[in-house]
Every structure is written in C-alpha cells, then in structure tokens.
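This report refers to the structure that appears directly beneath it.
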Amino acid sequence: MGLRTICDHIIDIAQNAVDSRTEEATLRIVEKREESFYFSVVDRGKGISSESLESVLDPFYTEKRKKVKFGLGLPMLKFAAESTGGEFRIRSVEGSGTEVSARFLLSSIDCQPVGDVPSTLFVVITLSGRVDWSIERLLDDEGYAFSSSQFREAFGNDCFTSPVKMKMVLTILQEAEISLGGLSDVR
C-alpha cells in the first residue's frame, strides 16, 4: 500500500477504526493554510491493550489475520508526521476505543502532499455501512461538519450503494470544500 498523501493516511486510519468493530467514529481535520494539517480519528471500538499499544508502532506487528503480517499504517503515519517536525499520538483503552492524531507541518520539505480531501471524506463514510461517521473539516477559520447518518436521512439507506446517490454525496462534499477555497489548492 502506497501512502503517498496525507489523505491516504486518513483513509488507512479510518479503515483501522472500521476494523475495530465500532459503530460510531469521528474524523476531525484542521488545516491552517501554508502552516499545518492536523487530523484525528476517534472510534469506540475494541481498543488496544496497554501492553500492545507500543507494539502497534512496530512495522512488523499486526493483529490482522492476513497473509501479509506487516502493519505499516501507524508506523508510516508516525514517521511521516514527525519527519515534518509535526507530531503523532495514539491513545487507546481496551474495550473503549482508540484515538489516533497527527499534525504535519506543511512548510517542511519532507511533507507529503495533502491530497484530495472531499474524495477522502467520501471514502471514509463509505468504508462501512454500519459505522456512523461524524466529520468536522476546518480550513483556516471556515469549516463544515456532517455525519453519514445525515446523508442516509436525506437520500435513503442506499445512498452509499446507489451510484446516482453516491455521486450526489460526492458532489456535496466537493462543493463544501470549494466553499472553503480548499479544492482549488493543489499540493
């Protein structure tokens, strides 16, 4: 898996939240143009034991039952954020959930491009139909917030499986980002 943009990291951490068997999750993105990009993902899933918390940052550790036994997402996120002079945090309580956050300094030569934020938000809310995502997006002093349940209420329960409705959801997210002035910025 190539985590080429900060948005790729967001999707990876959101997938971890879905895998935790959570029913609710929160994604918060705070961007200060030309300064920093921060995101956090909070779930109420199975959490990580205190004994395993340090191990999850080892690139050769994974709890996933796949052929490949490498859990690179968290170590790569930590490395990518800290390489910019930013920071990485993970907090978890077994049985209660996990919070992962990262701050990237955008002026660093080592900072990855941000990526396509509206498409990332779309991917996150469509990762699993059983997770209700609450999303908050701030760019400088402007922002928007929504939940995946709001889209279900507006467009029906098939809004993340019907191609026509999925396109409508993506268009809404793109328009929200344009209203912030964030989509014209290619990094």
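Counting non-hydrogen atoms of neighbouring residues, nucleotides and ligands closer than 6.0 angstrom, the CD atom of Glu142 reaches no more than 12 such neighbours.
Annotation: the span from Asp12 atom CG to Met76 atom CE amounts to 8.5 Å, rounded to 0.5 Å. Interatomic distance, Ile10 CD1 to Thr5 OG1, rounded to the nearest 0.5 Å: 8.0 Å. Expressed to the nearest 0.5 Å, how far CG of Leu77 lies from CD of Gln112 amounts to 9.0 Å. The line from CG of Leu173 to CD1 of Ile178 is 11.0 Å long, rounded to the nearest 0.5 Å. Expressed to the nearest 0.5 Å, how far CG of Asp140 lies from CG of Leu180 amounts to 9.0 Å. Interatomic distance, OG of Ser96 versus CD of Glu94, reported as 9.5 Å (0.5 Å rounding).
Pairs engaging residues 98-136 under the ring pair (Phe, Tyr, Trp, His ring centres under 6.0 Å) rule: none recorded [sequence neighbours left out]. Residue pairs meeting the salt bridge (charged side-chain N to carboxylate O under 4.0 Å, His left out) criterion with at least one member in residues 163-174, sequence neighbours excluded, are Asp158-Lys165. Each salt bridge (charged side-chain N to carboxylate O under 4.0 Å, His left out) pair with one or both residues in residues 126-136, not counting sequence neighbours, appears once here: Arg28-Glu136.
In this structure Phe146 satisfies the ring pair (Phe, Tyr, Trp, His ring centres under 6.0 Å) test together with Phe151, sequence neighbours excluded. Residues satisfying the side-chain hydrogen bond (donor to acceptor under 3.5 Å, both in side chains) test with Asp110, not counting sequence neighbours, are none. Partners of Thr98 by side-chain hydrogen bond (donor to acceptor under 3.5 Å, both in side chains), not counting sequence neighbours, listed by chain and number: Ser92. The salt bridge (charged side-chain N to carboxylate O under 4.0 Å, His left out) search around Arg91 returns Glu99, not counting sequence neighbours. With sequence neighbours excluded, the residues that form a side-chain hydrogen bond (donor to acceptor under 3.5 Å, both in side chains) with Ser119 are Asp116. Scored by the side-chain hydrogen bond (donor to acceptor under 3.5 Å, both in side chains) test, Arg44 finds Glu24 as partners (sequence neighbours excluded). Partners of Glu82 by salt bridge (charged side-chain N to carboxylate O under 4.0 Å, His left out), not counting sequence neighbours, listed by chain and number: Lys78.
Grouping Ile, Leu, Val, Met, Phe, Trp and Tyr by side-chain contacts under 4.5 Å, direct or through others, leaves Phe79 on its own. If you chain together ILVMFWY residues whose side-chain heavy atoms come under 4.5 Å of each other, Leu138 ends up grouped with Val30, Tyr38.
The side-chain heavy atoms of Glu35 and Leu106, taken from C-beta on, include no pair separated by under 4.5 Å. Contact of the Arg89 side chain with the Arg103 side chain is not registered, since no non-hydrogen atoms from C-beta on lie closer than 4.5 Å. The shortest distance between side-chain heavy atoms of Val100 and Leu74 falls below 4.5 Å. In this structure, the side chains of Phe37 and Ile29 come closer than 4.5 Å at one or more pairs of heavy atoms. In this structure, Ser148 and Arg152 have side chains that are in contact, with non-hydrogen atoms separated by less than 4.5 Å.
Remark: of the listed residues Val114, Thr84, Thr120, Val114 is the sole one forming a side-chain contact (heavy atoms from CB on, under 4.5 Å) with Ile6. None of Val124, Val117, Ile125 except one satisfies the side-chain contact (heavy atoms from CB on, under 4.5 Å) rule with Leu121; the exception is Val117.
Scanning all heavy atoms of the two residues, the minimum distance from Asp141 to Lys32 falls at OD1-NZ, 4.0 Å. Asp8 and Arg4 get closest at one heavy-atom pair: OD2-N, 2.9 Å. The shortest heavy-atom contact between Leu105 and Gly86 is CG-N, 4.0 Å. Nearest heavy atoms, Ala145 versus Gln150: O-OE1, 4.4 Å. For Ala17 against Ser20, the heavy-atom pair with the smallest separation is O-OG, 2.5 Å. Shortest non-hydrogen contact noted between Met166 and Phe160 is SD-O, 3.4 Å.
When the side chains of ILVMFWY residues are joined at heavy-atom separations under 4.5 Å, either directly or via intervening members, Ile135 and Leu170 end up in a single hydrophobic cluster. Neither Val42 nor Val18 shares a network with the other; the hydrophobic side chains, linked directly or stepwise wherever heavy atoms of I, L, V, M, F, W or Y lie under 4.5 Å apart, form separate groups for each.
Within the 3.5 Å criterion, the main-chain N or O of Val123 finds a donor-acceptor partner in the side chain of Thr126.
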